[in-house]
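Each chain gets a letter, A, B and so on, in the order its sequence line appears, and its residues count up from 1. Just the heavy atoms: all of them, side chains too, but no hydrogens, waters or symmetry mates, feed the values below.
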Number of protein chains: 2
Amino acid sequence: MPTLQDVAREAGVSKMTVSNVLNGHRDRVSPATIARVMEVVGRLGYVPNATARSLSARRSNLVALAFPGRDAGGIEPLMNPHDSLFLGEVEAHVTQAGLYLMAHSVNSVESTANSLRSWNVDGAIFLGTRADEVAALHRAYEAPMVFIDNHGTSPQISNVGIEDRLGGSLAGRRLVEAGHRRIGFVGPAFDEPGVVRERHAGFVQALAEAGLELRPEHVVRCNASFDAAVDAARQVLAAPDRPTAVFATADIIAAGLLKGFVRAGFPVPDQMSIIGFDDLEVARHVTPEITTLRQDIPGKARAAVEVLLAQLAQWPTVRSERRVLGVTLVERGSVGPPPAIPIN
Amino acid sequence: MPTLQDVAREAGVSKMTVSNVLNGHRDRVSPATIARVMEVVGRLGYVPNATARSLSARRSNLVALAFPGRDAGGIEPLMNPHDSLFLGEVEAHVTQAGLYLMAHSVNSVESTANSLRSWNVDGAIFLGTRADEVAALHRAYEAPMVFIDNHGTSPQISNVGIEDRLGGSLAGRRLVEAGHRRIGFVGPAFDEPGVVRERHAGFVQALAEAGLELRPEHVVRCNASFDAAVDAARQVLAAPDRPTAVFATADIIAAGLLKGFVRAGFPVPDQMSIIGFDDLEVARHVTPEITTLRQDIPGKARAAVEVLLAQLAQWPTVRSERRVLGVTLVERGSVGPPPAIPIN
DNA sequence: CTGAAAGCGCTTACAG
DNA sequence: CTGAAAGCGCTTACAG
């Protein structure tokens, strides 16, 4: 494996001239020398050693994407289409920018911070971290960091997210508009700040504007998993004063509910309406297809990388940036009017 | 950020003693010294610099997972649940082993090889590479490499895959057993060696054993995308001597076909039977749920990392290893007998 | 426009 | 059991 030294010798110049050529400081080198060096680089198949470069330049060209690990209590890491799609997009943009992506599941803030420090990563993007973890991370490692979908963090924290609250309220309005008066909510816990809490808040607000309230017995806890949602359908149906429509905070939940309702003899949307969130592929796989709030995941990934690159360029002058992407209602087939003749 | 030097000074020992303690060469150090060093490490919050370590040790602790990029002509990178699930599992095992994962989309073999060389990665796992790329990769970079789902590569190439041919033949047999005589095949191109070709071969063989043949007009090309499969359904229905059942080489295709068939007025399984492959979540999302050939993706990821670690341990004595995981038929609701009263 | 020197933070023989 | 020295392959001021 040829080194800088080899190239320099072969081209009859010093190592640092080669370095200058390779790093684009070409104003410091004569065109003839550049040509000679490039020829040798090509002939020898020279590839710079990234670890050596990182060590001496104190810049690694490494970006980490951190996502919730197994210990985070959720489903398997990256089982979630949102996270995997996001990762794929981030990788593409990071590569595009000439950087490298380290994929890292976070099981503990400490070990994650240590990995970042150890590799001296230039920056990191975090999926699914809580507000307290955000703070700890910033304390443990000084580098540009962009968080995704965080709510309730200080404005000094760079964040890319979507209009979760608006999404929730659009969902609520859509169901109200369809004529529903008893509307349920199905989603994960929302006692901590986060997307679910925001969506819930927007939803409650929309109901309130219509003079309706979200009754506690119409709120069903359910993780973002299909099977959990199939079960949750039973709880919805068993609730006193059964709702005629539900807002699910994720399409995968909506899809599970759909199966659960139909299985229990409640066709959708004839006997039960459902509105989802995300507009993942699953929303179109099922029949009827799910009416949902669309978010732009590739756009979010692009924004996250943009914000990170901007911070890298400014570093160490941190100027935090918060970006909020829109959501739009996608009409499909899972919302209808309340049943004229309810079952039961 | 404290360095080895700082720890050494503080503990009153040499750098290399600290290094020995940290790298587990503890037999070379007295218990008392170990304790003192560890105390200082903890107190200072020392984290070894991975790039420095890589540079001097000529071992990076970095493993790359390469997956098809945008230019590979498929869908968006990692949109595919198989790849993203696999990635998540690999990350977990790699981390478990104290290594780090670099995620890398491959758009060209050259640039991928350069990245591997540049970072001096200890090994790599490759998803979705063709036989010719495999060879080029091995030529371009000397390190343990494990390929996934390759067929037709030489035995010196380490590979982890599944019984694709058996899967195809189980699919064929199942449909024959259900009484079908006109059976179609829907999947991507299979002119090159690969999983699709194997599944096709097994399928054809199963039909042959039943005295049936796969008629060319009953073979429909279709990429592994839901929308493409919805379209493909029309082609299946329009074929002369319309089949009463189809084998789809991927669940996502099966799901699309299901939607296409139902939309066209052909209920599944009453008028049309479908059998899929993979047993991804989508197979259970739809109604009826899809009968499919299950493969163990987490198991494949585990095996891939195992094989890679084994080679790392032996390196540079390469002993290639090929692992083939089983497939099993999962009965669900998309296969029935041929229609007693066919439509049309 | 070009180069000699120092240094990034580690590990690796080697010596004692 | 412990350490001094050399070196991994680069980049960074600095000097000319």
Show, in sequence, the C-alpha distance, side-chain angles and deciding distance for A:S154 and A:Q156, and conclude whether the side-chain hydrogen bond (donor to acceptor under 3.5 Å, both in side chains) test is met. CA-CA 5 Å; A:S154 83; A:Q156 292 113 313; 2.8 Å; yes
Under the criterion side-chain hydrogen bond (donor to acceptor under 3.5 Å, both in side chains), I'd like the reasoning laid out for A:S118 against A:N114: C-alpha separation, chi angles, the key distance, then a yes or no. CA-CA 6 Å; A:S118 184; A:N114 283 350; over 6 Å; no
What's the verdict on side-chain hydrogen bond (donor to acceptor under 3.5 Å, both in side chains) for B:S54 and B:T51, showing C-alpha distance, side-chain angles and the deciding distance? CA-CA 5 Å; B:S54 305; B:T51 58; over 6 Å; no
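Between A:T33 and C:dC1 there is no side-chain polar atom (N or O) within less than 4.0 angstrom of OP1 or OP2. Residue B:S19 places at least one side-chain N or O under 4.0 Å from the OP1 or OP2 atom of C:dT11. Here A:T17 does not reach the OP1 or OP2 of C:dC1: none of its side-chain N or O atoms lies under 4.0 Å away. Within the 4.0 Å cut-off from OP1 or OP2 of C:dT2, at least one side-chain nitrogen or oxygen of A:S30 is found.
Look at CG on A:N23: it is 18 Å from P on C:dC1, rounded to the nearest Å. Between A:D6 atom CG and D:dG9 atom C1' the separation is 10 Å, expressed in whole Å. For B:L4 and C:dT11, the CG to C1' distance is 9 Å, given to the nearest whole Å. The CE atom of B:M16 sits 15 Å away from the P atom of C:dG16 (whole-angstrom rounding).
Residues B:H82 and B:Q295 form a side-chain contact, since some pair of their non-hydrogen atoms from C-beta on lies under 4.5 Å apart. The closest side-chain heavy-atom distance from A:F86 to A:I125 is below 4.5 Å.
The CG atom of B:L127 sits 8.5 Å away from the CG atom of B:L87 when rounded to the nearest 0.5 Å.
Looking at residues 47-58 of chain A, you'll see A:L55, A:S56, A:R58 sit with a heavy atom under 4.0 Å from some atom of DNA chain C.
For the residue pair A:N120/A:R59, the side-chain donor-acceptor check at 3.5 Å is not satisfied. Side-chain contact check for A:N150 and A:T129: at least one donor-acceptor pair (N or O, by modelled atom type) lies under 3.5 Å.
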Pairs under 3.5 angstrom only: tabulate donor-acceptor contacts from the side chains of residues 94-104 of chain B to other protein residues two or more places apart or in another chain.
| residue | atom | partner | partner atom | Å |
| --- | --- | --- | --- | --- |
| B:T95 | OG1 | B:E91 | O | 2.8 |
| B:T95 | OG1 | B:E91 | OE2 | 2.9 |
| B:H104 | NE2 | B:S115 | OG | 3.0 |

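Listed nucleotides C:dG3, C:dT11, C:dC1 differ in distance to A:P31; the shortest reach to its side chain belongs to C:dC1.
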Given Watson-Crick or G-U pairs with both distances under 3.5 Å, what dot-bracket string fits DNA chain C, with | for other-strand pairs and [ ] for crossing? |||.||||||||.|||
